[in-house]
Amino acid sequence: MPKLSLVVPVYKVQGYLPECLDSILGQDCTDFEIIAVDDCSPDGSGAILDEYAKRDDRIHVIHLTENVGLGRARNAGLEKATGDYVLFLDSDDTLSDGAMAAIRDRIDAAGDPEILIFDYARTYWDGRVRPNLRADLLKEEGPATFSLAERPQLLDLLQIVWNKAYRRDFVTRTGLTFPPGYYEDAPWTFCSLISTERIAVLDRVCVYYRQRREGGNILKTVSRKHFDVFDQYQRVFDYLDAHEELAEWRAPLFRKMVDHYLTVLERPGRLPQDARAEFFHRASADYRARVPKGFTRPGGGRGHKYGMLERDAYTTMVSALAAVKLRQRVRTRTRTALNRSKRGAMGAFYQSQLRLPLDDDLVLFSAYWNRSVSCNPAAIDAELARLAPHMRRVWAVRAENAGRVPKGVEVVRVGSREYWSAVARAKYLVNNVNFADSVVKRQGQIHLQTHHGTPLKTMGLDQQKYPASTDMDFEKLLERCDRWDYSISANQFSTVIWERVYPCSYTTLETGYPRNDVLANATAEDVRAARAALGLADGAKAFLYMPTHREYQPGFTPPLDLGRFARELGPDVTLLVRGHYFYGSSPHVDELRRTGRVVDVSGHARVEELYLAADALITDYSSAMFDYAVLDRPIISYVPDWDVYSAVRGTYFDLLQEPPGAVATTQAELLKLLSSGAYDGPETTERRDTFRRRFCEFDDGHAAERVVRRVFLGEESLPPIVPFDERHHAPTPAQALELVERA
C-alpha cells in the first residue's frame, strides 16, 4: 500500500489539469497513488486523465456517470484510497516542488499524527504569489503533536480540506464523508479537527491555490445554492449534539458559523437580490437557536453585525451595506473619469456610432493585424456567403494593403470613418488576432477569435516565463481577450492551452480550423491549378520552405545556403521560400530569384495554395507543420537552433522527440535526407500518422460550416467530426497528375 493517497476531483478544468497532474507526478517522493475522479466533466478532462493513466500506473481514474458535485466526487475517490494517509487536491491547483516528501517526512517525524496541517499560497495569472496571511499559526514549535484544545487558534485558518493530510484509519473511525452542496468543506474540516487528539503542523507551502482570473469558483456565482451553507452548519451542530464530549467547541463553532453567514451576505456576486432578505432571516433564526449561554459578541463593527443578526434587523443591515457601497462608489469616480477620457480619445465620430443600434446582418473581418484577406477569417467569410448570403461581409484592411485585396471584397480602411462605423455597429467581429485596444466591446456584439495556428511555441500568459521573447503587457492582453465570445480550436491539444493561457470567459468551439477545409477537400484539379499558378512543371519536385519568426533575429536570414541547396538538389527540384509575415522583402532570397530554382512566395496571397502545390514541407517551429499535416505529405523539421529557440521562446513539446517526420539539425543532414529520399520512408510516415492524429483531430473539411452554423445561425446541432480513418485528403502532385491523365 502507498504511504499517501491523493484524491483529485475533476470537473471542467482541461486547461489546468495537466499542470496539476504534472506537479504531482514530478515529486521526488514516489510512495503515493492518485485517485482522479472525473465528475462527468463535459470537456476533455476525462480523456486527459485516461492519457496520463496510460503513462503512469500510480494514477487510478474513476469516471462517474453523472455529475454529483465536489463533495460526493471526493467521497468516490476516498472509497478507493488505499494509502496510510489521504490528501485532497483541487484539479486547478498544484503541489509545490518537494511537497510530498516534506509531508511524508513530517508525518514520520511527528509519529503518525491523525491530521497534518500544511501551508499554502495563492497564485495569480500575472505571476504574483500571495502567502497565507495566517501562516504564523503553522510554526513548528512545542510538541510534535497536540490537540486542538492546545492550539485552538488553528480554527482561524481558512477552513479547507486540501491543506491537510488525514490518517485514513482516523477518517474511517470517525465516519467522515463529504456532504453534497456548496460549502462542503465546513462539516468535514470542523468535525475532523475537533475529533482528533493528535494534530501536527508543517510550516511549508505545499499547495499553490490558483486564483482563476476568469472565475471558476462556484462560490462566486450568483445562486440560491448559497443557502446550502445552512445545511452544512446543521450537520456541524448535529455532530456536536451526538458527541457530548465535544461540547467545549460549541461556542467557537458558533462564532465560525456566524462569520460564515456574514461573509455570504457581504460578498457581492453570491446571493440573488431577491433572496437576500430570506437568507438574512434564516441566518438570524440559526443565530438565536444556537447562541451558547453566556456568549460574548466580538467588539467593534463585527460585533455590531452580530447584534443585527440576533435582533433580525435586516433593514439596519441593508442600510449599513448601502453606506459601504456609497464609499466604494466615491473611490471609483476617479477611475470612471479616466475611462471616459480614454473613450473620448477614440473620437467623437466613433462615440456617436456606438450610440446607434447594432446591425444584426453586418460582419467585420480582420486577419493578421489588418494585413490581408486570409486565414480562418477568409474561410469563414466564404462559407458565410454560401450559408447566409443576406449578411453583409466587410474587411478591415490597412490602407497600404488595400491594393492586394481580392476583387469583390468590400473593404474599410483602418482608421477611416467607415472603419469606425463598422467596428461600432457590426453584430459580429471576426479576427485571427485581437482588435486594437481602442475597440469597445458593445453589449450584444459577438467576437469570434479564430487564432492562426496550433501552438508549438509558448503563447499568452505562458510567455511570462520567457521574458526575453516578448515585451507584452499581459494585463492589456487579457483585457483584449475579455472581448472574446468564441475561440476556435483545431485539436484538444490547442483547446487545453488556449483556455489556460487566455483565461477569459469565452466558449471554445472544437470545430477544426476553417482555413484547412480546402486542404481536406481539394481535388486533383485543385492541386494541378496550384502548381500551374506557380509555374511548376509536371514531374518536378517542389519543396516548400517556411521558417518561422525568431524574436532574437532582427530580420529574415534563412539558416540555409540557398545557392548550395539549389545546386546539390539538381535541376528537377524547385525550392519555394516563404518568410514569416513579420519580415519584409529579403535580399537573400532576391539574389536567387533570377535562377528560377528558388521562388520567393512570401507575398503569395493564399498559403493554402502553396501547401497544395508542394511535394513536401521544410519548416522549423512554424504552425505550418500542423496545417500541412492535413495533406498527409512529408514534413521535414530543419531545426539547427533548437536549443536556443526552445530556451528563448519555450515550447509545448520536444520537436526532436515528437516530430511530424524527418529531423535535421545541420544543412548537411537536410541535404542528405532530401537527396536520398529518406525524408519519406516507413519511419517518417509512422511519425506523421501519430502527429496527424494528435494535431489534425478536428480538421475533416467541415470546420467553416460548423463555425457559421453555430455562431451566425445559432444552431446547436452541428455536423459531426468525420472519423479520422474515413477522411478524404487531397492527392499528392504525382497522384494528381496521374488522375488528370487518366481522366
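Source: prediction; values computed, not measured.
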May I ask you to decide if [Y]'s main-chain N or O and [X]'s side chain share a donor-acceptor pair within less than 3.5 Å?
{"X": "Gln445", "Y": "Arg442", "value": "yes"}
{"X": "Glu114", "Y": "Glu197", "value": "yes"}
{"X": "Asp93", "Y": "Arg210", "value": "yes"}
{"X": "Arg311", "Y": "Gly307", "value": "yes"}
{"X": "Gln449", "Y": "His447", "value": "no"}
{"X": "Asp119", "Y": "Asp203", "value": "no"}
{"X": "Asn163", "Y": "Ile117", "value": "no"}
{"X": "Thr123", "Y": "Val129", "value": "no"}
{"X": "Arg235", "Y": "Ala186", "value": "no"}
{"X": "Gln27", "Y": "Met100", "value": "yes"}

Please report the closest heavy-atom contact between [X] and [Y], naming both atoms and the distance.
{"X": "Ile62", "Y": "Gly77", "answer": "CD1-CA, 4.2 Å"}
{"X": "Pro113", "Y": "Ile199", "answer": "CB-C, 4.3 Å"}
{"X": "Ala36", "Y": "Leu49", "answer": "CB-CD2, 3.7 Å"}
{"X": "Pro131", "Y": "Ala121", "answer": "CA-CB, 4.3 Å"}
{"X": "Arg151", "Y": "Leu137", "answer": "NH2-O, 2.9 Å"}
{"X": "Tyr428", "Y": "Asp360", "answer": "CE1-O, 3.6 Å"}

Could you measure the distance from the [atom1] atom of [X] to the [atom2] atom of [Y]? Nearest 0.5 Å is fine.
{"X": "Cys206", "Y": "Arg106", "atom1": "SG", "atom2": "CZ", "value": "11.5 Å"}
{"X": "Thr508", "Y": "Trp498", "atom1": "OG1", "atom2": "CH2", "value": "11.0 Å"}
{"X": "Ile35", "Y": "Leu87", "atom1": "CD1", "atom2": "CG", "value": "12.0 Å"}
{"X": "Tyr124", "Y": "Leu461", "atom1": "OH", "atom2": "CG", "value": "15.5 Å"}
{"X": "Asp286", "Y": "Met257", "atom1": "CG", "atom2": "CE", "value": "5.5 Å"}
{"X": "Arg122", "Y": "Leu133", "atom1": "CZ", "atom2": "CG", "value": "7.0 Å"}

Close aromatic pair by centroid cut-off 6.0 Å: Trp484 and Tyr502: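 Yes.
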Taking the six-membered ring for Trp, are Tyr120 and Trp162 ring centroids under 6.0 Å apart?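 That pair passes the under 6.0 Å test.
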Give a yes or no on whether a salt bridge exists between [X] and [Y], defined as a side-chain N under 4.0 angstrom from a carboxylate O.
{"X": "Arg302", "Y": "Asp259", "value": "yes"}
{"X": "Asp136", "Y": "Arg134", "value": "yes"}
{"X": "Arg500", "Y": "Asp462", "value": "yes"}
{"X": "Asp108", "Y": "Lys3", "value": "yes"}
{"X": "Glu475", "Y": "Arg128", "value": "no"}
{"X": "Arg480", "Y": "Asp437", "value": "yes"}
{"X": "Asp185", "Y": "Arg74", "value": "yes"}

Distance-only donor-acceptor check, side chains [X] and [Y], under 3.5 Å:
{"X": "Arg288", "Y": "Ser284", "result": "yes"}
{"X": "Asp238", "Y": "Gln234", "result": "yes"}
{"X": "Ser45", "Y": "Gln14", "result": "no"}
{"X": "Tyr52", "Y": "Asp22", "result": "yes"}
{"X": "Gln159", "Y": "Thr189", "result": "no"}
{"X": "Ser195", "Y": "Tyr239", "result": "yes"}
{"X": "Tyr183", "Y": "His260", "result": "no"}

Is it true that, when you exclude Glu244 itself, more than 12 heavy atoms of the residues, nucleotides or ligands shown sit nearer than 6.0 Å to its CD?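 Not buried by this count: 12 neighbours or fewer within 6.0 Å.
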Take atom CD in Glu715; do more than 12 heavy atoms of anything else shown fall under 6.0 Å from it?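 Yes - once you tally the heavy atoms of other residues, nucleotides and ligands closer than 6.0 Å, there are more than 12.
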Side chains of [X] and [Y] in contact at under 4.5 Å (non-hydrogen atoms):
{"X": "Arg212", "Y": "Val13", "result": "yes"}
{"X": "Ile115", "Y": "Ser192", "result": "yes"}
{"X": "Leu89", "Y": "Ile34", "result": "no"}
{"X": "Thr495", "Y": "Asp43", "result": "no"}
{"X": "Val229", "Y": "Phe279", "result": "yes"}
{"X": "Val10", "Y": "Ser91", "result": "yes"}
{"X": "Arg204", "Y": "Phe118", "result": "no"}
{"X": "Asn75", "Y": "Arg72", "result": "yes"}

Among Phe230, Tyr306, Tyr287, find the one that has a ring pair (Phe, Tyr, Trp, His ring centres under 6.0 Å) with Tyr261. Phe230
Pair Tyr85, Arg104 - check side chain to side chain contact (heavy atoms under 4.5 Å, CB included), show working. CA-CA 9 Å; Tyr85 282 79; Arg104 176 202 60 199; over 6 Å; no
Apply side-chain hydrogen bond (donor to acceptor under 3.5 Å, both in side chains) to the pair Ser5 and Glu33, showing each step before the final yes or no. CA-CA 5 Å; Ser5 291; Glu33 64 177 357; 2.5 Å; yes
When you look at Ile24 and Leu6, which way does the side chain to side chain contact (heavy atoms under 4.5 Å, CB included) test go after all the steps? CA-CA 9 Å; Ile24 304 171; Leu6 194 58; 3.3 Å; yes
With side chain to side chain contact (heavy atoms under 4.5 Å, CB included) as the criterion, how do Glu140 and Val201 come out once you've worked through the C-alpha distance, each side chain's angles and the decisive distance to 0.1 Å? CA-CA 6 Å; Glu140 299 169 21; Val201 293; 4.2 Å; yes
Parallel, tilted or perpendicular: which one describes the rings of Trp188 and Phe178, with boundaries at 30° and 60°?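 Ring orientation of Trp188 relative to Phe178: parallel.
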Stepwise side chain to side chain contact (heavy atoms under 4.5 Å, CB included) check, Gln211 with Arg130: CA-CA 10 Å; Gln211 306 300 293; Arg130 197 179 86 188; over 6 Å; no
